[in-house]
Amino acid sequence: MTKKKKSASTKKRVPTIVVVGAILLFLFYLFTGNDPLGIFSSPEDSNITAVIGSGGDWWQVYFTDPLPDYDPNNMDGTVAAELINQINNAQETIHIASFEFNLTAVAEALIAAHNRGVDVRWVTDDEFGLETDEEMDRGQFAMLTAAGIEIVDDARSALMHNKFWIFDGQIVWTGSTNITKNGIFRNNNNVIVVESAEVAAMFTREFDEMWAGEFGPRSPSTLSEQTTIIQGTPVEILFAPEDKVMDELVPLIDQARDNIKFMAFSFTHDGLGDAMLAKAAAGVDVSGIFETRGSKTEYSELPKMFCANLAVRQDGNPGTFHHKVIIIDDRIVITGSLNFSDNANNSNDENVIIVNNSDIAAQYLQEFQRRWQEAKTPDAIDC
C-alpha cells in the first residue's frame, strides 16, 4: 500500500517565537561569545581558556580571557601556551624573576630547555614562591631543583613581586600575569612581549642584582640607563623600590591632555589618585575599573573618585581582576607587576614598562572596553 504524503497543512510547524528566540540567542553568542544554554559551543570549548593577542614587528600583547570551566592540564589556547613556545625556542638563556608558580607544563618545558643546555635560572619570593611550593598539589619549584635548575628567593618580609622573563638576552616577557592556574585560567591579566636587546639588558641588570642578593630599597638604581627607542617608540623601564616609581608615574598623569583609563587590582596610592582627580577636575576624561574586593577597603581610591563623579566601576570577574594598567591619551601604556600602592612603591621588588605607541595602546583600550562591559557601577558608597 502506498503511503499518502502529508499535505503542507498537516506538517508540524515550529512556533515563530522559538525561531525568533533561537536567532536572538545566536546573535548574543556571536557578539559576546557567551552561550548560556550550551547550544552553539562544542564540548571541547568548555575546557579552553582563550588568549586574546595581537602584535607588531617587535612587540606582542596577550590578555587572558577566563571562562567558567577549564582543564588545568590543558594549556592549548592559553597565555601559558605562548610562554611555553618562548621556552621551547630559547637557545642560550632563560632568566626569570616571577612571584608565584604552579604550572607543571611550564616546569616540564623549562626542564627540557635545561637538558638541552639552556641556562635556566629563577628568582622568586620566599613565602609565596618556595615555601608555598611545599603545599599539597604544588611542587613545581621542587621539580626544577631536582632537575638541576638553580632558584634564588628574596629571604625578606616584603615581596619579590616581579613578573618578567628574559630569553636569550633578546626578548622580555612581562605584565601582570603570575604563572599559576589562577593567573592563566581565572584572573584577568595582560602580557607584553618586547624583542629588544636594549630592553633585555635593562631587565638582565635587575635580574643579576637580585641573583646576587640585592633586593628592596638598598638595591642600586640605574634609572638614567633605562630608556630606549624601538623603531620610533619610546620605551622606559622602572624597577621598584629603587627607582621611586610613583615619582615617575605621577608626572605622566599630570601631562595627560585628553583621557586616562586604568585597570587596577589594588589602587590605594593617594598621590596617584590625587593626580587623576586633579586632571579630571581640569577636564580630562578619567575612567577606571577596580578589582571589587580590593576596592572595598578603607584605603581604596574608589570612594573618592566615585564621589567626585569620575566614571569608575568594579570588575565583573568572579575570579580576580589582576591588571595593573594605565593608558594615557590613547598612546601611553603603563603596565607590569606594580600595584598602585605604597607597599609596591616603597617595599616590594616590582617592574614597570612604559611604552608610547598608539598601536599597543589600542590593544589595551580594547581590553579596557571588554572589561568595562562586564563591570558594574559601585553601590552603597556614602558620599
Salt bridge (charged side-chain N to carboxylate O under 4.0 Å, His left out) contacts in which one or both residues fall within [range], not counting sequence neighbours:
range            : result
residues 355-373 : D65-R371, E367-R370, E367-R371, R371-E374
residues 329-353 : R156-D349
residues 245-254 : none
residues 160-182 : none

Heavy atoms of R116 and N89 approach each other most closely as NH2-N, 4.2 Å
Classify the angle between the aromatic ring planes of F207 and W211 as parallel (below 30°), tilted (30 to 60°) or perpendicular (above 60°).
-> parallel
Pairs touching residues 126-141 that satisfy side chain to side chain donor-acceptor pair (under 3.5 Å), sequence neighbours left out = T104-Q140
Are the side chains of [Y] and [X] in contact, using a 4.5 Å heavy-atom criterion?
X    : Y    : answer
I94  : L110 : yes
T78  : F185 : yes
T177 : N190 : no
I179 : L83  : yes
F290 : D315 : no
V191 : V61  : no

For residues T320 and R293, is any side-chain donor paired with an opposing acceptor at under 3.5 Å?
-> yes
Check the side chains of N162 and S98 for a donor-acceptor pair under 3.5 angstrom, ignoring hydrogens and angles.
-> no
Any disulfide (SG to SG under 2.5 Å) pairs touching residues 159-262, not counting sequence neighbours?
-> none
With a 3.5 Å cut-off and sequence neighbours excluded, list the donor-acceptor pairs that the side chains of residues 213-224 form with protein atoms.
unit_1, atom_1, unit_2, atom_2, d
S219, OG, G216, O, 2.7
S219, OG, E242, OE1, 3.1
S219, OG, E242, OE2, 3.4
S221, OG, L223, N, 3.3
S221, OG, D243, OD1, 2.5
T222, OG1, R205, NE, 3.2
T222, OG1, Q226, OE1, 2.7

When you measure from the side chain of S176 to the backbone N and O of K324, does any donor-acceptor pair fall under 3.5 Å?
-> no
List for me each residue that meets salt bridge (Lys or Arg N to Asp or Glu O under 4.0 Å) alongside D270, sequence neighbours excluded, and say none if there are none.
-> K304
Tell me, please, which residues at least two apart from E150 pass salt bridge (Lys or Arg N to Asp or Glu O under 4.0 Å).
-> none
Connected-component partners of L159 among ILVMFWY, side-chain separation under 4.5 Å = F99, F128
Who pairs with H114 by side-chain hydrogen bond (donor to acceptor under 3.5 Å, both in side chains), at least two apart in sequence or on another chain?
-> none
From the list F265, F262, F63, side-chain contact (heavy atoms from CB on, under 4.5 Å) partner of H323 resolves to F63
Quick one: side chain to side chain contact (heavy atoms under 4.5 Å, CB included) partners of T204, sequence neighbours excluded?
-> I166, D208
